[in-house]
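Count residues from 1 along the sequence. Quick caveat, the model's predicted, so the values are computed rather than measured.
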Amino acid sequence: MRACRAQGTVEFLVMIVAALLLLSIIYVIAGREITEIQKSKQSGDARIASSTLASAAKEVYYQGQGARKQVYVYFPPEYEPSSSYIANRTVYLSVGASSYAESLDFDVHGSLPFTAGGNFVWIISEGSSVRIGSTYLFVRRSSLPVSMGQSATASQDFYVKNVGNDTINITVAKSWPYSDVTVSVSASNFTLIPDQMQPITVEYSSNGAAYGLYGGTLLTTASTPFGTEDYTTMLSADVSAPPTPPTNVSEKNLTIIPHLWQETLGPGNSTSKTFTVCSGQNSSFSSVSFAASSGAPGSWMGNTSSIGPLPQDSCAFKTFELSVPANATNGIYSGSILASGDGIANDSVSLIITVASQDNYPPRITDVIHAPNPARRNDSIRINATANDSGNPAVSNISMCIISIDNSSWSQMVPADGSYSSPEELVTHTISGSTLSPGNHLATIRCNDTQTNLGEANYTFHVKSSAPIVFITNQTTANAEELAWMTFLNTSASQMGFSWAYDAVPAANATASPSSPGYVNISGYTSALLAEYATGIGLGSVLTSFTGQGGSVLMVGAALAGGVEVGDASSAPNVTLTQRYWIYNSTHYITSGYSGSTKIWDGSQGRQYSFPVGAYLGTGYVDGMDGNTRLANRTALGKRGKILMWGMTRERGYNADGTVMSTRTIDYTLNLSTVSP
């Protein structure tokens, strides 16, 4: 009996072990399946994210410059923002060990979110490229059309919103050249904090002489921490004359807006225009038909097929085509297009078409911009412009656009659609920023139409330095002391993580006239460094302006001995260099760790300062002392505002730790500046 019981126990234990083993196998298989499901979901989410961004970019690109939309994109948990990017016509996402790329037929640039999960991303068309990432300006309406009578008022509302993370300043400017119809804007200058919205009312007022279609633009500009953003809203007012009392009033009504199509075209050219067709509150139509008047210009109208049905109190769009025959003679032609709803309710469009075969009018060059903005010397800088001949009394296609930078040789600009084939062309030209010095540059653009009329526009753009430091040399070629400091910058490293890259700029270029080809505007730099005196009063004024804009200046070596003249140099006091300097304030960042008796310079020179009056004298950090005698206004390490002074000798010649102190001085100069590198 005991043997049977023992045998049963063993069999039971074997069954338990087998069951546990089976459960373990099931658990492992299930875990693998769950992992595969998670990987599959993550892969799907990544593909959806990249596809969503690419599809939105295509949508706004084909809508044209200024088009924008905000999309919600989910980035999987293993999304790696540091190795994902948007560039070179590619949206590239790195997720775990896999990558997901979407290729596009146009340039894209911008930045992706820094965190995984759901993110709202802005997609903005810049004409020849699309920007993906942050933006600030959002304008609700792209057009503000009104239909009104004579001696009347009408208004449209829209709003401007700050969708960024910083406070921005907004200006609203109208372009409206008419006196019969005037336009007023309820708000033209205001500030928006993040996520704040400003409603704006645009009011049109017509007088008794107004009649026809009036058009203009409203330019909304946002000043942001990263430059400016613009948005153009179209303004239009269709003013009709008092209606003639109808002889047979129908219970139903139909309206077509606008009531006037006024166009100028040359023989053989064509265009189109979209109208809005609306029913009344008590009107519905199974069909709305259109009939053009006989003869010219009615016979030139195309796409006059019917639309419908049109429910009550609703609107639909209708686009008509206008093609002027190649044998049409110059002149003004009038006619009409009659719209009829089920044959019982009518309205019409008046046609005034001017045919002008002789084009003596140059194309207009507008909307010139550069990107990126701000541009730096390590960027590929694009200059975009619109050449437009369509607004002239006679119209021709654009045949070529060329560009010159700073009066240099001419280069051809590239049409965004690939060919010069229409009266309006978006053109672009790319410049290597490395060929341009920091400062302002002049782009001159010339465009021809097919009748050889030439239009010209000038555009000034600014290029910032790709280096944070401008090393101002006394002459075109650096001398021995300046080269010693350049070597120090090249072979040493910041202790605060700053870049010590520099551009060497002769003082003559920094003080030249802005129109001079060699002029360098140093305002694009973070800090300026001088290791040699610079003669003439111009540099002192430039440095004063530079510090006033937030830049910082470090004067070392002979730059202190000879000084930098400001104003009348003869009025500046001359003080003799002392023989010995001592640390006065050892708690300062530069002198931290040094005792109050640490000697930082010991020597004898008969050099003299030539200080600007009151500009550099006095400091709370280092005082000049000889033994126990204080000598006023003698400084080896000093600070006045955003100007620092550091000794009279070479970068390593102060004491055993001179290199460390020089390193700290350069770091402190860069940290003192409020100008972004």
Side-chain angles (χ1 to χ4, degrees), residues 64-68 136-163 167-193 195-223 228-244 253-263 273-281 313-317 347-350 352 364 366-367 391:
Q65 183 172 355
R68 64 182 64 197
Y136 288 84
L137 179 63
F138 177 79
V139 180
R140 174 173 168 260
R141 302 283 297 274
S142 60
S143 62
L144 300 169
V146 297
S147 179
M148 59 195 301
Q150 295 174 338
S151 301
T153 61
S155 64
Q156 284 273 30
D157 296 326
F158 71 105
Y159 66 77
V160 178
K161 187 175 182 181
N162 179 1
V163 295
T167 298
I168 61 176
N169 296 317
I170 301 292
T171 59
V172 181
K174 66 177 183 291
S175 175
W176 188 264
Y178 310 104
S179 57
D180 290 347
V181 178
T182 59
V183 170
S184 62
V185 182
S186 62
S188 57
N189 290 278
F190 50 90
T191 299
L192 295 179
I193 63 175
D195 207 38
Q196 184 181 5
M197 181 177 70
Q198 171 70 47
I200 298 176
T201 298
V202 176
E203 184 172 273
Y204 300 80
S205 298
S206 64
N207 62 23
Y211 177 72
L213 183 64
Y214 298 80
T217 58
L218 203 64
L219 179 65
T220 303
T221 301
S223 297
T228 60
E229 296 180 22
D230 294 328
Y231 190 86
T232 300
T233 303
M234 302 304 297
L235 303 176
S236 65
D238 186 6
V239 183
S240 58
T244 302
N253 58 74
L254 179 73
T255 303
I256 183 168
I257 304 171
H259 288 100
L260 174 67
W261 187 356
Q262 191 167 358
E263 193 78 49
K273 188 176 181 66
T274 299
F275 293 77
T276 304
V277 184
C278 298
S279 60
Q281 292 183 353
D313 197 21
S314 66
C315 296
F317 296 106
D347 199 6
S348 63
V349 175
S350 297
I352 301 177
R364 291 171 291 111
T366 61
D367 301 327

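Smallest separation of non-hydrogen atoms from T191 and N169: OG1-OD1, 2.9 Å. Closest heavy-atom contact between L192 and M197: CD2-C, 4.4 Å. The two residues H259 and D238 have their closest heavy-atom pair at N-OD2, 2.6 Å. Q198 approaches A187 most closely through the heavy-atom pair NE2-CB, 4.2 Å. For I168 against A222, the heavy-atom pair with the smallest separation is CD1-CB, 4.0 Å.
Atom-to-atom distance recorded for E263:CD and I352:CD1 is 12.0 Å, nearest 0.5 angstrom. Going from atom SG of C278 over to atom CD1 of I256 covers 9.5 Å, rounded to the nearest 0.5 Å. Here I193 contributes atom CD1 and N162 contributes atom CG; the two are 8.5 Å apart, rounded to the nearest 0.5 Å.
In terms of the side-chain contact (heavy atoms from CB on, under 4.5 Å) criterion, residue partners of T274 (sequence neighbours excluded) are, by chain and number, F317, T319.
Within the 4.5 Å cutoff, side-chain heavy atoms of V172 are placed close to those of F190. Under the 4.5 Å side-chain criterion, counting only non-hydrogen atoms from C-beta, D180 is not in contact with Q150. F275 places a side-chain heavy atom less than 4.5 Å from the side chain of P258. A 4.5 Å side-chain heavy-atom check between K174 and S188 finds every atom pair outside the cut-off.
Here the side chain of W176 pairs a donor or acceptor atom with the backbone of V181 at under 3.5 angstrom.
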Show which side-chain atoms of residues 202-216 pair as donor or acceptor with protein atoms under 3.5 Å away, not counting sequence neighbours.
from	atom 1	to	atom 2	distance (Å)
Y204	OH	L144	O	2.5
Y204	OH	S236	N	3.4
S206	OG	G149	O	2.8
S206	OG	S151	N	3.2
S206	OG	A152	N	3.0
S206	OG	A152	O	3.3
N207	OD1	A209	N	3.0
N207	OD1	A210	N	3.1
Y214	OH	Y211	N	3.1
Y214	OH	Y211	O	3.4

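A donor-acceptor contact closer than 3.5 angstrom is absent between the side chains of T171 and N189.
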